[in-house]
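The chains referred to below are lettered A, B, ... by the order of the sequence lines, with proteins before strands, and numbering in each begins at 1. The structure displayed is predicted, hence computed values, not measured ones.
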Protein chains: 2
Amino acid sequence: MNKEFILRLTKYKRLIHKLKSLGFERVFSNNLGDAIGVTPALVRKDFSTLHLSGNKRGGYNIDMLVEEFDVILGRNSPQNVIIVGCGRIGQALMQYPGFASDDIHLVAGFDKAPDSVNIDNPIPIFGMDKLENFVSENNIKVGIITVPGEEASSVLDKMVDTGIRGVLNFAPVELKCQKYDCDCKCVIHNVNIGLELEHLFYQVSTQDTDFSIVNDNSKK
Amino acid sequence: MNKEFILRLTKYKRLIHKLKSLGFERVFSNNLGDAIGVTPALVRKDFSTLHLSGNKRGGYNIDMLVEEFDVILGRNSPQNVIIVGCGRIGQALMQYPGFASDDIHLVAGFDKAPDSVNIDNPIPIFGMDKLENFVSENNIKVGIITVPGEEASSVLDKMVDTGIRGVLNFAPVELKCQKYDCDCKCVIHNVNIGLELEHLFYQVSTQDTDFSIVNDNSKK
DNA sequence: TAGATTGTTAATCGATTAACAATC
DNA sequence: TAGATTGTTAATCGATTAACAATC
């Protein structure tokens with residue numbers, strides 16, 4: 001429910017998998033807290049709300065954590081993703097090496113001009129007219145948008161209509177799911193690269209200053 | 001200082017520029033709140049902490065806001081960015097159309113094998129050995145990392161050494177700036193696409209459920 | 001004047017943390 | 001037993017909001 005909380009969950013899961021592969025058998029709340037940058041108390045609180053319990057002395061059992069987190073985060077269901085928009089960024093993501101290790105599978109790309117897309121892609125590229133059938137036949141729930149900003153909104157509508165429930169949007173517009181009013185049936189994460197860079201410039205420019213100074217400048 | 005606050009600032013700025021281009025002369029806190037999804041009270045609070053004042057009856061003057069936000073967000077200083085790692089994602093970003101409109105300029109790319117990078121890039125590509133001089137000569141403060149995960153950490157160190165103060169990281173590892181202990185001289189934003197997708201899968205899978213149900217399942 | 005909107009204070013809300021009893 | 005760590009409660013902290021006096 002809480003964004004920060006869910007983000008911590010995915011971090012816990014990754015960390016726990018790493019620890020398991022290192023041969024750990026138990027782990028303490030303070031180890032976990034240090035690694036993901038929170039207090040041990042919060043780790044225990046999180047685990048407590050997830051009904052994950054440890055031993056008063058021996059910490060938490062790694063095998064148990066691995067198993068439970070895989071259930072909690074739905075690792076057992078197929079993590080298939082489609083990508084709509086096969087321009088430069090779309091094609092780059094198709095080759096992105098970071099997915100395989102997370103059991104996330106990009107299974108197909110869609111483009112309004114599929115024939116003009118390079119041949120050497122690792123996944124099949126279809127025209128937009130194939131989207132609906134593909135999504136329903138393969139029960140796809142999550143998609144990536146990498147179309148130009150002007151097309152993003154209509155592409156989103158199309159995707160939501162076909163049954164997509166989660167979207168990662170790279171187009172430089174802030175998308176909101178308006179199809180179903182406030183009772184939104186689709187979760188959207190916007191990755192707005194320009195906004196991120198602006199944010200960085202701001203932070204860098206004020207790193208050593210504080211607000212009163214900034215304001216004094218603006219009034220010169 | 002607060003992440004959410006800074007994000008709102010960039011949204012205010014974009015919105016205000018849009019309103020100005022539409023011919024607006026004044027705007028009220030409730031308009032702004034509706035558009036960026038916060039309460040009017042928060043808009044007034046934000047503006048108040050920024051020492052931006054309006055008229056009790058007539059709202060806020062758009063021209064004043066445009067001017068002040070450009071100062072606050074440093075629009076007046078050059079927004080030059082370099083990119084380290086000229087693989088697929090790096091090259092895709094070089095052609096990204098969303099930057100120009102924000103006065104953000106990608107000015108150069110760096111790669112350990114610059115000769116193997118495609119010729120038709122819109123910006124010059126240099127070897128890593130040129131990084132330090134370029135950054136100091138052009139007074140670059142912000143860079144993008146698009147190298148493979150294994151190289152990200154050492155690339156970051158190199159960038160911080162040359163004087164880069166803000167980094168947008170696309171490598172699939174969570175980077176922290178450790179060079180200067182806790183007194184961190186470099187702000188880092190991690191865009192972890194795999195983590196985002198996992199997060200989405202989790203949200204989609206629990207969209208209609210609540211925690212007690214999730215937990216019951218996990219105990220089956 | 002009456003109505004509307006700001007600016008600010010105090011209240012609320014929710015997340016995080018400190019602290020400690022329970023217990024391995 | 002003594003020491004360490006969990007699980008949970010109560011305190012803290014900070015951000016957001018409601019409310020309203022000031023005033024255009």
What's the [atom1]-[atom2] distance between [X] and [N], to the nearest Å?
X	N	atom1	atom2	value
L42(A)	dA19(C)	CG	P	16 Å
N30(A)	dT17(C)	CG	P	14 Å
L32(A)	dT6(D)	CG	C1'	13 Å
N61(B)	dC24(D)	CG	P	16 Å
K3(B)	dT16(D)	NZ	C1'	19 Å
E4(B)	dG14(C)	CD	C1'	14 Å
R44(B)	dA15(D)	CZ	P	19 Å
F47(B)	dT6(C)	CZ	P	10 Å

Phosphate-side-chain proximity, [X] and [N], N/O vs OP1/OP2 below 4.0 Å:
X	N	answer
T39(A)	dT17(C)	yes
S48(A)	dT8(D)	yes
S29(A)	dT6(D)	yes

Between [X] (side chain) and [Y] (backbone), is there a donor-acceptor pair under 3.5 Å?
X	Y	answer
N138(A)	I140(A)	no
N169(B)	A171(B)	yes
T146(B)	G85(B)	yes

message: Any strand counts, and the cut-off is 3.5 Å on both contacts for Watson-Crick or G-U wobble. Which nucleotide pairs with dT23(C)?
response: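 Per the H-bond distance test, dA4(D).
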message: Does the structure show a Watson-Crick or G-U wobble partner for dG14(D), both distances under 3.5 Å? Name it, or say none.
response: dC13(C)
message: So for K56(A) and dT6(D), does any side-chain atom that can act as donor or acceptor lie under 3.5 Å from a complementary atom in the base?
response: yes
- line: When V38(A) and R57(A) are each assigned the nearest nucleotide of DNA chain C, the 5'-most assignment goes to V38(A)
message: Between G58(A) and K45(A), which residue's closest nucleotide on DNA chain C lies nearer the 5′ terminus?
response: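 Whichever sits nearer the 5' end wins; that is K45(A).
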query: Checking all strands, does Y60(A) fall into the base, sugar-phosphate, or nothing category for heavy-atom contacts under 4.0 angstrom?
result: sugar-phosphate
- request: Could you tell me whether R8(A) contacts a base, only the sugar-phosphate backbone, or nothing, with contacts defined as non-hydrogen atoms closer than 4.0 Å?
  value: sugar-phosphate
- prompt: Do L200(A) and V81(B) have side-chain heavy atoms sitting under 4.5 Å apart?
  reply: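 No, too far: nothing below the 4.5 Å cut-off.
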task: For residues A152(B) and I145(B), report the shortest heavy-atom separation together with the two atoms involved.
output: O-CD1, 4.3 Å
